[in-house]
Amino acid sequence: MALSSKTKAVLWGPLNKNNPVIVQVLGICSALAVTSKLEPAIVMAIAVALVTAFANVIISLLRKSIPNRIRIIVQLVVVAALVTIVSEVLKAFAYDVNKQLSVFVGLIVTNCILMGRLEAFALGNGPWPSFLDGIGNGLGYGWVLVVVGFFRELLGSGTLLGYKVVPQALYDAGYENNGLMMLAPMAILLVACIIWVHRANNKELQEETN
Amino acid sequence: MKALKKCLDKIKPNFEKGGKLHWLHSTYDAFESFLFVPNTTSKSGVHIHDARDSKRTMIIVVLALVPALLVGIYNVGLQHYMAIGQDVTFLTRFFYGFLSVLPQIVVSYVVGLGIEFAMAQMKKEEVAEGFLVTGMLIPMIVPVDTPLWMIAAATAFAVVFAKEVFGGTGYNIFNVALITRAFLFFSYPSKMSGDQVWVRTAGTFGMGNGTVVDGYSGATPLGQIATTDAGGFAEFTFHGITGQPLSLSDMFLGFIPGSVGEVSTVAILLGAVILIATGMGSWKTMLSVFLGGFAAVLLVNLFAQNVIMEMPVYYHFLLGGFAFGAVFMATDPVTSARTEKGKWIYGFLIGLIAVTIRVFNPGYPEGMMLAILLMNAFAPLIDFYVIDANIKRRMKRTAIAK
């Protein structure tokens, strides 16, 4: 299936130059809260991508019949319904991860990326581009989470997805896990590092210096 | 000296524009201006020059640190040989301490300066002198048993994230040495607190091997009082590592377990005299830190509920990093408040918060680091309101004159 250049931009833009986390700086709260381990970060990424995509589709289908004055309420109802489904599925099939994510599954409702995409995109576009936009933004949010989660789990616990990757010999030689990695301040520093690298590679995103 | 100068001049053309090693120009420049007074003059505008440049400032601060460092080094040896129950000469103790502390100093300087040189090289700027002091402070504020790789990691983290991202020397919001310590403290708490890290019990380079004596306990005085179950301060005594009671003079001279630089209050006071006499450190900041601590201690003494709340004020000043922080950390000209009135407020709040953390947070027996870092963040705000108040006062005056 060949995608036109516009749909490509809708799908790929949020992954790179229009990334919700590292360019628009949205959704930071959950990005800091759920990334101390890689597994919840991945689950959270998938959950947000799915909710954003389907909420976008539903709102896009309804966009002509939603009265403008109550559109936020309608959007919230749709998102809340989807989040409840995700939450129930997680409880049924991945209870441990659900416990680690705790309130942050429920808080997807208030994720600014979601409302932002509904307002900015789904209300003005058809269902198919809206779906791609949702997937793109969800993945754009997701890859940042996964990268942050990767480094936090690797350096903070010496494991990846629960498997020990730092060899015991290194611990015997005096290596220790970095406790600061498990705290939220380090997550924001890691996000900052990603932004740093990203801006360094994309000159047009750099703010003008005076 | 002449031969050195000749040698530098001989290789200079290589680093000039068009020379083979031009890309190393910053490095060459750093070494040349470190060794000799540069003969360049300002090219534009009016400049006032005096004998104080940042190179000289840094060297004087390092000199002021030397007494505390020397006593600290001696104390490392003293505590060690006490712990393994051997009686040795003064020089042996000193030499053991020197061997223990030297690697930390080397690591801190090599890592920090390495990053500074690389950054300056990349940005094509001159290498700034700021790290000369920071590199000396770092080994002085960490426990003597801190592994070298941790110091290296923490120094690298602090230099990059507390200094270079803000623009380098003179632009940092937080004290770089304290960020290093904070990184270590939160990353590797088992190596930065508790009662196992303050006295080096292992041998160093084959020197001073032995096993610790019975009844050994390496807790710092502040650690002891934070965990004591004594009913009141009158029943409580500070004890040294082999259980002997500690006198006030031990604490004043610095023969207690603790970080290398912070143990000896008398050496720190000597450093303070050097700083104040040369005009490098602000006596207002130092004094107000002690005043703030004094006020806080008086207050908690009044409403004392437990032993640490009853601890008299002079113990607070003698123990832990209070004096060291007041003299060398709070007065850092980059991160402290710059207005004269602001210095009083800034220092007072540091003393107040440090004592508050000590007394009310059993998890952190020492609060000086957190207090100074917190006030670093508020220093610009304090300055803003001091200046704002001054503007308002003068506005009022012109309004009346009209």
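Here the structure is a predicted model, which is why all the values come from computation and not from measurement. The figures here come from the full heavy-atom set of this structure, side chains too, leaving out hydrogens, waters and symmetry mates. Throughout, a chain's letter reflects where its sequence line sits, starting with A, and its residues are numbered from 1.
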Within 6.0 Å of [atom1] in [X], more than 12 heavy atoms from elsewhere:
X	atom1	result
B:Phe157	CZ	yes
B:Tyr109	OH	yes
A:Phe151	CZ	no
A:Phe104	CZ	yes
A:Ile188	CD1	no

For the atom pair [atom1] ([X]) and [atom2] ([Y]), what is the distance rounded to the nearest 0.5 Å?
X	Y	atom1	atom2	result
B:Ser187	A:Glu176	OG	CD	10.0 Å
A:Asn178	B:Tyr188	CG	OH	4.0 Å
B:Phe161	A:Met186	CZ	CE	6.5 Å

So what's closer than 4.5 Å to chain B heavy atoms on A:Met181: side chain, backbone, both or neither?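 Neither part, no heavy atoms under 4.5 Å.
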Which atom names give the shortest non-hydrogen contact between B:Trp149 and A:Tyr175, and what distance separates them?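 So the two residues come closest at CZ2-CA, 3.7 Å.
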From CA spacing to verdict: side chain to side chain contact (heavy atoms under 4.5 Å, CB included), B:Val165, A:Trp196: CA-CA 10 Å; B:Val165 294; A:Trp196 186 359; 3.7 Å; yes
